Amino acid sequence: AVTVIQALQEVLSEGTIIMPTQTGDNSNPEEWSDPAVPSSWFSLIKDHTPAFDPLVTPTRDMGVIPETFRSMPSVVRSNHPIDSFAVWGKHAKQIASAQELTPSLGDSSPLGYLIANQGKVLLIGVGYDSCTLLHHAETKVPGYPTKNYQTAMLQGGQREWTTYQDFDYDPNDSFQTLGDAFEQVHTLQIRTVGLATIRVIDAPALDAFAVDYLRQHRS
């Protein structure tokens, strides 16, 4: 993981690196399924889960590279209790601090910055079902469903179990089909590094395609 991160920093010495550092376990335990917990635990979890701390709270299911990256020198992590990002580069503080609580993956998020600044998506050994950028497109679909989220966060310096409304983001299950459709009409760089297939994708192009695709295929 350190080798990969240092290589990216060397290549992008004048650029910006953004990685998702999400914490899906800081959420409503009534919705947990991997694994589920007994209903008798719900109130305990809600009362005692530590508030999200960008310096301390570990990622969940993000992989070893983002987990390593979030605590490296000069990396700044946004303060979103579920959908945080780690950012490195001269504008890191500005990018990380702009993210709003809701919509967590909209234009104010680092995803919005990536798209607005003609950035690239780098998929290392994973498919489109791990492509966080595609959630930004969901915020652009008229009538897209919303839901209430629950999480532990700091409010005025005090821990609170908070409820907020945001888009009902897809768990990524359908994103591979979307990505396959994208590659039918767009050219991208696909290489192999070690045993991993690498995809380098134009972020604005993928986002625009995903918005049109979701408008057509989501009921």
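Heavy-atom basis, side chains included; hydrogens, waters and symmetry copies ignored. Source: prediction; values computed, not measured. We number each residue from 1, following the sequence as shown.
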Leu8 side chain near Leu122 side chain, heavy-atom distance below 4.5 Å: yes
Asp207 side chain to Ala203 backbone, donor-acceptor under 3.5 Å: no
Heavy-atom closest contact (Gly24 atom, Ser27 atom, distance): O-OG, 2.6 Å
Joint cluster assignment, Ile201 & Val193, ILVMFWY side-chain distance < 4.5 Å: no
Check: Glu100 main-chain N/O paired with Ser108 side-chain donor or acceptor under 3.5 Å: yes
Rounded distance [0.5 Å steps], CG in Asp83 versus CG in Leu105: 4.5 Å
Side chain to side chain contact (heavy atoms under 4.5 Å, CB included) between Gln176 and Asp180, worked out: CA-CA 6 Å; Gln176 187 58 51; Asp180 292 340; 3.0 Å; yes
Pair Ser84-Thr21, side-chain hydrogen bond (donor to acceptor under 3.5 Å, both in side chains): steps then yes or no: CA-CA 5 Å; Ser84 67; Thr21 52; 2.8 Å; yes
Inter-residue atom distance Asn28.CG - Ile82.CD1, 0.5 Å rounding: 9.5 Å
Closest non-hydrogen atom pair between Ile124 and Ala196, with its separation: CG2-CB, 4.5 Å
Derivation and outcome, side chain to side chain contact (heavy atoms under 4.5 Å, CB included), residues Phe167 and Val141: CA-CA 10 Å; Phe167 292 96; Val141 178; over 6 Å; no
Pairwise distance OG(Ser109) to CD1(Ile115) - rounded to 0.5 angstrom: 7.5 Å
Ring geometry between His135 and Tyr169 (parallel below 30°, tilted from 30 to 60°, perpendicular above 60°): perpendicular
Hydrophobic cluster partners of Ile45 (side-chain heavy atoms under 4.5 Å): Trp32, Val37, Trp41, Phe42
Within 6.0 angstrom of Glu14 CD, more than 12 heavy atoms from elsewhere: no
Trace of the side-chain hydrogen bond (donor to acceptor under 3.5 Å, both in side chains) decision for Asp212 with Gln216: CA-CA 6 Å; Asp212 289 341; Gln216 295 177 43; 5.8 Å; no
Same apolar cluster (I L V M F W Y, side chains within < 4.5 Å links), Phe175/Val200: no
Distance, nearest 0.5 Å, that separates CG of Asp166 from OG1 of Thr139: 9.0 Å
Side chains of Met19 and Ile5 in contact at under 4.5 Å (non-hydrogen atoms): yes
Cluster check Phe69, Ile18: I/L/V/M/F/W/Y, side chain < 4.5 angstrom: no
pair Thr57-Pro50: side-chain heavy atoms closer than 4.5 Å: no
Residue pair Val126, Arg199: steps toward the side chain to side chain contact (heavy atoms under 4.5 Å, CB included) verdict: CA-CA 9 Å; Val126 296; Arg199 283 174 162 79; over 6 Å; no
Salt bridge (Lys or Arg N to Asp or Glu O under 4.0 Å) between Asp53 and Arg77, worked out: CA-CA 10 Å; Asp53 182 336; Arg77 192 178 185 188; over 6 Å; no
Any donor-acceptor N/O pair, Arg215 side chain to Pro142 backbone, under 3.5 Å: no
Derivation of the side chain to side chain contact (heavy atoms under 4.5 Å, CB included) call for Leu123 and Ser130: CA-CA 8 Å; Leu123 299 180; Ser130 294; 5.6 Å; no
Polar side-chain atom of Arg159 near backbone of Thr49 as donor-acceptor pair, under 3.5 Å: yes
Pairwise side-chain contact, Leu206 with Leu134, heavy-atom cut-off 4.5 Å (strictly under): yes
Flag, side chain of Asn26 to backbone of Ala152, donor-acceptor distance under 3.5 Å: yes
Aromatic ring proximity Phe52/His80, centre distance under 6.0 Å: no
Where Tyr213 and Ala181 come nearest, the two heavy atoms and their spacing: CE1-CB, 4.0 Å
Any side-chain heavy-atom pair of Leu154 and Glu160 under 4.5 Å: no
Trp88 CH2 to Ser74 OG distance, which is reported to the nearest 0.5 Å: 8.0 Å
hydrophobic_cluster_shared for Leu111 and Leu214, side chain cutoff 4.5 Å: yes
CA sep, side-chain torsions, deciding dist, call: Tyr144, Glu138, side-chain hydrogen bond (donor to acceptor under 3.5 Å, both in side chains): CA-CA 7 Å; Tyr144 203 83; Glu138 295 178 287; 2.4 Å; yes
Hydrophobic cluster identity match, Tyr128 and Ile190, side-chain contacts under 4.5 Å: yes
Donor-acceptor contact present, side-chain Thr16 to main-chain Val87, <3.5 Å: no
Over 12 non-hydrogen atoms of neighbours within 6.0 angstrom of NZ in Lys93: no
4.5 Å side-chain heavy-atom contact, Gln22 and Met62: yes
Smallest separation among heavy atoms of Ser78 and Gln99, with atom names: OG-OE1, 2.6 Å
Reported CG-to-CD1 distance for the pair Leu188 and Ile198, which is rounded to 0.5 angstrom: 12.0 Å
Side-chain (His48) to main-chain (Leu44) donor-acceptor, under 3.5 angstrom: no
With Val2, the side chain to side chain contact (heavy atoms under 4.5 Å, CB included) member among Ile65, Thr68, Val64: Thr68
Min side-chain heavy-atom separation Phe209-Asp202 under 4.5 Å: no
pair Arg70-Pro54: side-chain heavy atoms closer than 4.5 Å: no
